[in-house]
Amino acid sequence: MSATGRRNDGRGRLGSVLSGLAVAVGCVLFVGGFVWAAVVYRPYAVPTNSMDPTVKAGDRVLAQRISGGEVRRGDVVVFRDAQWGDMPMLKRVVGVGGDRIACCGTGGRLTVNGEPVEEPYVQGMPGGQASMTGFDAKVPAGQLFLLGDERGGSLDSRVHLQDAGQGSVPRSAVSARVDAVVWPLGSLVARPDGFAALPGGVSAPGPVKPITAAVLAGVALIFGGALYGPVVRLASRSRGTGRGTEGVAARGTR
């Protein structure tokens, strides 16, 4: 065998090893991404339009499993409370224990401890009002005040103001925080900037982006590694065909 043949053979073996490694790493990333997602997130189907336009009825969302102690203002949470029908519901947290929540302040905005909060998702309401009805509530310690983004029809803390907790629910009622819509929009659910300046700020985004990146990188490596062999064989056949044609031409010339 010629030196050139040995070198080509060595490159071929190295390429095969690298392609196999790429497939193996890709499988780890792909499967690992889905396992990570299954551990961190739970899927939910949105039952009503009370959170429109952020999420709509029929949307499939991913909600990060959290404890009630991790909840911050502005979070869209999944919770269950006996006085609210004892079924999973999605609402936005606008107040935590100790807050005074009122509406409507300057420009029809919601106020938290007297501070008006910008809520871009309510701009579609008549006059851009944060609520069609006025209210004023003090949130007890360890409780959360919840509103739907569709303030015209959402049945939320405003309809429970006469309850013992003035419409609030215990933090322990929360089981998850919505991070992304996976169907049909495929978009992240952002934390509202209007709550960021308040004490405690807003919650950090969940790991949706790194999980998605891991899955996509896994897919790319699996396909890239799997295609290496067929591409090399096709290239070899093309080179062989070219050499054969040159040989025939040369013999014809003689």
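Just so it is clear, the structure is predicted and the values come from calculations on it, not from any experiment.
Side-chain contact between Val77 and Leu146 is present, with at least one heavy-atom pair separated by less than 4.5 Å. For the pair Leu144 and Val96, the minimum side-chain heavy-atom distance is below 4.5 Å. Residues Lys138 and Gln166 meet the side-chain proximity criterion, which asks for heavy atoms closer than 4.5 Å. Side-chain contact between Ser168 and Pro140 is present, with heavy atoms from C-beta onward closer than 4.5 Å. Counting heavy atoms from C-beta outward, Leu188 and Asp179 have side chains that stay 4.5 Å or more apart. Residues Arg60 and Tyr44 have side chains not in contact (no heavy-atom distance under 4.5 Å, counting atoms from C-beta outward). Side-chain contact between Ile66 and Val71 is present, with at least one heavy-atom pair separated by less than 4.5 Å. In this structure, the side chains of Tyr41 and Trp36 stay at 4.5 Å or more apart for every pair of heavy atoms.
Using modelled atom types and a 3.5 Å distance limit, the side chains of Ser131 and Arg158 yield a donor-acceptor pair.
Partners of Phe223 by ring-ring contact (aromatic ring centres under 6.0 Å, His included), not counting sequence neighbours: none found. For Asp193, there are no side chain to side chain donor-acceptor pair (under 3.5 Å) partners at least two apart in sequence or on another chain.
Listed by first then second residue, pairs satisfying salt bridge (charged side-chain N to carboxylate O under 4.0 Å, His left out) with a partner in residues 76-103 read Arg73-Asp99, Arg80-Asp86, Arg92-Asp149, Arg100-Asp136, not counting sequence neighbours. Pairs of residues two or more places apart, or lying in two chains, that qualify as side chain to side chain donor-acceptor pair (under 3.5 Å) and include a residue from residues 197-207 are Asp75-Ser203, Arg191-Ser203.
Criterion: ILVMFWY side-chain heavy atoms under 4.5 Å apart, direct or through other members. Under it, Phe34 and Trp183 are not part of a common hydrophobic cluster. Val78 and Met87 fall into different hydrophobic clusters, where Ile, Leu, Val, Met, Phe, Trp and Tyr residues are linked whenever their side-chain heavy atoms come under 4.5 Å apart, directly or through other members. Linking ILVMFWY side-chain heavy atoms closer than 4.5 Å, directly or via other members, places Ile211 and Leu62 in a single hydrophobic cluster. Connection of Val174 to Val93 is established within a shared hydrophobic cluster, with ILVMFWY side chains joined at heavy-atom distances below 4.5 Å, either directly or through further cluster members.
With hydrogens and angles disregarded, no donor-acceptor distance shorter than 3.5 Å links the side chain of Ser50 to the backbone of Ser154.
Of the residues Val182, Asn49, Val181, the one that meets the side chain to side chain contact (heavy atoms under 4.5 Å, CB included) test with Asp59 is Val181.
Other members of the cluster containing Phe145 are Val94, Ile101, Leu110, Val112, Val117, Tyr121, Val122, Met125, Met132, Phe135, Val139, Leu147, Leu161, Phe195, Leu198, Val202, with ILVMFWY side chains joined at under 4.5 Å, either directly or via other members. Grouped by direct or indirect side-chain proximity (heavy atoms under 4.5 Å, Ile/Leu/Val/Met/Phe/Trp/Tyr only), Val159 sits with Leu155.
Taking CZ of Phe30 as the start and CG of Leu221 as the end, the distance is 12.5 Å to the nearest 0.5 Å. Atom CD of residue Glu150 and atom OG1 of residue Thr48 lie 9.0 Å apart, to the nearest 0.5 angstrom. Separating the OG atom in Ser67 from the CZ atom in Arg171 is a distance of 9.0 Å, to the nearest 0.5 Å. Distance check: Ser172 OG to Gln143 CD gives 8.0 Å after rounding to the nearest 0.5 Å. Separation of atoms CD1 (Ile222) and SG (Cys27) is listed at 4.0 Å; rounding is to 0.5 Å. Rounding to the nearest 0.5 angstrom, the gap separating the CZ atom in Arg42 from the CZ atom in Arg65 is 5.5 Å.
Nearest approach of Gln64 to Pro207, heavy atoms of both residues: NE2-CD, 4.1 Å.
Ion pairing of Glu118 with Arg109 is present here, as a side-chain N (NZ or NE/NH1/NH2) and a carboxylate O approach within less than 4.0 Å.
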